[in-house]
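In what follows, every heavy atom counts, from backbone to side chain, and hydrogens, waters and symmetry copies are set aside. In what follows, chains are A, B, ... by sequence order, proteins preceding strands, each numbered from 1.
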Protein chains: 2
Amino acid sequence: MDEIDFNILSELQENARLTMIELGRKVGLTSPTVTERVRRLEEQGVIKQYTTQVSAEKLGRHVTAYILMEPKDCKQYVQFAASHPDVIECHRIAGMYSYLTKVVTETVHTLEAYIDSCLTLGKPTTLIVLSSPVANSPIQPVKSTSE
Amino acid sequence: MDEIDFNILSELQENARLTMIELGRKVGLTSPTVTERVRRLEEQGVIKQYTTQVSAEKLGRHVTAYILMEPKDCKQYVQFAASHPDVIECHRIAGMYSYLTKVVTETVHTLEAYIDSCLTLGKPTTLIVLSSPVANSPIQPVKSTSE
DNA sequence: CCTGAAAAACGACACGA
DNA sequence: TCGTGTCGTTTTTCAGG
């Protein structure tokens, strides 16, 4: 894990569909060499997945909310959240409440329906997202991650 | 926007580096056809970005937290958050507090440092992530997004 | 880590349901 | 209009050095 690897990760976070020739050009290597480095980063688990960000708006989902949840039964709530198509993330947290769940849903009415089903499982507190000044900023290495 | 497009989006959310031939095979089309569909999805803004998920752990960032923030000056706080390398997301919210900020940092000590700098800008409430039962679940279309 | 050749995939065009 | 088939070019892969 040297600086070239960091540059590779930075470029791939920006555009996962770069060809190895383009990527090599950006980091100063030839395509077979950079291909081998990418293969190792995948193998080590540094690269977890190549994914595509799609517009929730364009898919008819206009409302994003975070829901703080104090469930009666944790396992039951996780099962509910994991199987619900509107749930994008669900985090177990320390501090206030037990879970923080990110929901991307069609309208305030479908959000209401989601909250209603939550009410049978515990006590939800809803935070509706108005805008996102920072969205999915790339992760940078901390300093010497030499392994 | 028909069902084939939904399948394309689903496949690309799982693996953004699929070749057009592989993608075509998965959705039942030949490569020129699926290439044209992908081009249109990009043009329409349905596909926003091809990105790579990297392991925060492997890059030396072991602590994830959400911070609810009540800043004295909103613009000042957004500027601070946007320029801080540990901030991955920052959302303006309605409900309790004004901002919800996702921070991925090295240790509890670097988190403490982040919170300290927040304290000069307002009143933060920290929620440390213990685990994530649901992480970045793909977005599915809602029903008839015919445009 | 680079070079070079074979195999595969990409992009563009003309054609057909 | 949308999908198919083909050709020339680019990219990937794998042999070496």
Got a sec, which residues hit side-chain hydrogen bond (donor to acceptor under 3.5 Å, both in side chains) with A:Thr33, two or more places apart in sequence or on another chain? A:Thr30
Residue set satisfying side chain to side chain contact (heavy atoms under 4.5 Å, CB included) with B:Ser98, at least two apart, ordered chain then number -> B:Glu70, B:Pro71, B:Arg92
For residues 18-29 of chain B, which residue pairs pass the side chain to side chain donor-acceptor pair (under 3.5 Å) check, not counting sequence neighbours? B:Thr19-B:Glu22
In short, the helix from C:dC1-D:dG17 to C:dA17-D:dT1 is bent end to end, axes from five pairs each side, to 10°, by 40°
For A:Gln76, check side-chain hydrogen bond (donor to acceptor under 3.5 Å, both in side chains) against everything at least two apart and list the hits. none
Between A:Glu106 (side chain only) and A:Gly60 (backbone N and O only), is there a donor and an acceptor less than 3.5 Å apart? no
Please give me every residue in residues 22-29 of chain B whose heavy atoms get under 4.0 Å of an atom in DNA chain C, ordered by residue number. none
Does B:Glu112 have any side-chain hydrogen bond (donor to acceptor under 3.5 Å, both in side chains) partners at least two apart in sequence or in another chain, and if so, which? none
Options C:dT3, C:dA9, D:dT12, nucleotide nearest the side-chain atoms of B:Arg17: D:dT12
Whole-Å distance between C:dC1 C1' and A:Asp5 CG? 14 Å
Using a 4.0 Å heavy-atom cut-off across all strands, classify A:Arg39 as base, sugar-phosphate, or nothing. nothing
Side-chain (B:Arg37) to main-chain (B:Met1) donor-acceptor, under 3.5 angstrom: no
Whole angstrom is fine here: how far is it from CD1 in B:Ile4 over to P in D:dC2? 12 Å
Tabulate below the donor-acceptor pairs under 3.5 Å that side-chain atoms of residues 113-120 of chain A make, not counting sequence neighbours, or state none.
from: A:Ser117; atom 1: OG; to: A:Ala113; atom 2: O; distance (Å): 2.9
from: A:Ser117; atom 1: OG; to: A:Tyr114; atom 2: O; distance (Å): 2.8
from: A:Thr120; atom 1: OG1; to: A:Ser117; atom 2: O; distance (Å): 2.8

Before accepting this row, confirm whether a basic side-chain N of the pair A:Arg40/A:Asp5 lies closer than 4.0 Å to the acidic partner's carboxylate O. no
Strictly under 4.0 angstrom, non-hydrogen atoms only: write out the protein contact profile of nucleotides 11-17 of chain C, one letter per nucleotide from the 5' end, B, S or -. SB-----
Produce the list of close N/O pairs, under 3.5 Å, pairing protein atoms with atoms of nucleotides 7-9 of chain D; give distances to one decimal.
none

Qualifying residues under salt bridge (Lys or Arg N to Asp or Glu O under 4.0 Å), relative to B:Arg17, sequence neighbours excluded: none
Just the rounded figure in Å: distance from P of D:dT11 to CG of A:Leu18. 11 Å
Would you mind telling me which of D:dT4, D:dC2, C:dA9 lies closest to the side-chain atoms of B:Thr33? D:dT4
Counting the atoms with a prime plus P, OP1 and OP2 as sugar-phosphate, which does A:Ile21 contact under 4.0 Å by heavy atoms, base, sugar-phosphate, or nothing? base
Is there a donor-acceptor contact under 3.5 Å linking the side chains of A:Tyr50 and B:Gln13? no
I'd like to know if the side chain of B:Ser132 reaches the main chain of B:Val134, judged simply by a donor and an acceptor atom lying under 3.5 Å from each other, with no hydrogens or angles considered. no
Quick one: list whatever passes side-chain hydrogen bond (donor to acceptor under 3.5 Å, both in side chains) with A:Tyr99, sequence neighbours left out. none
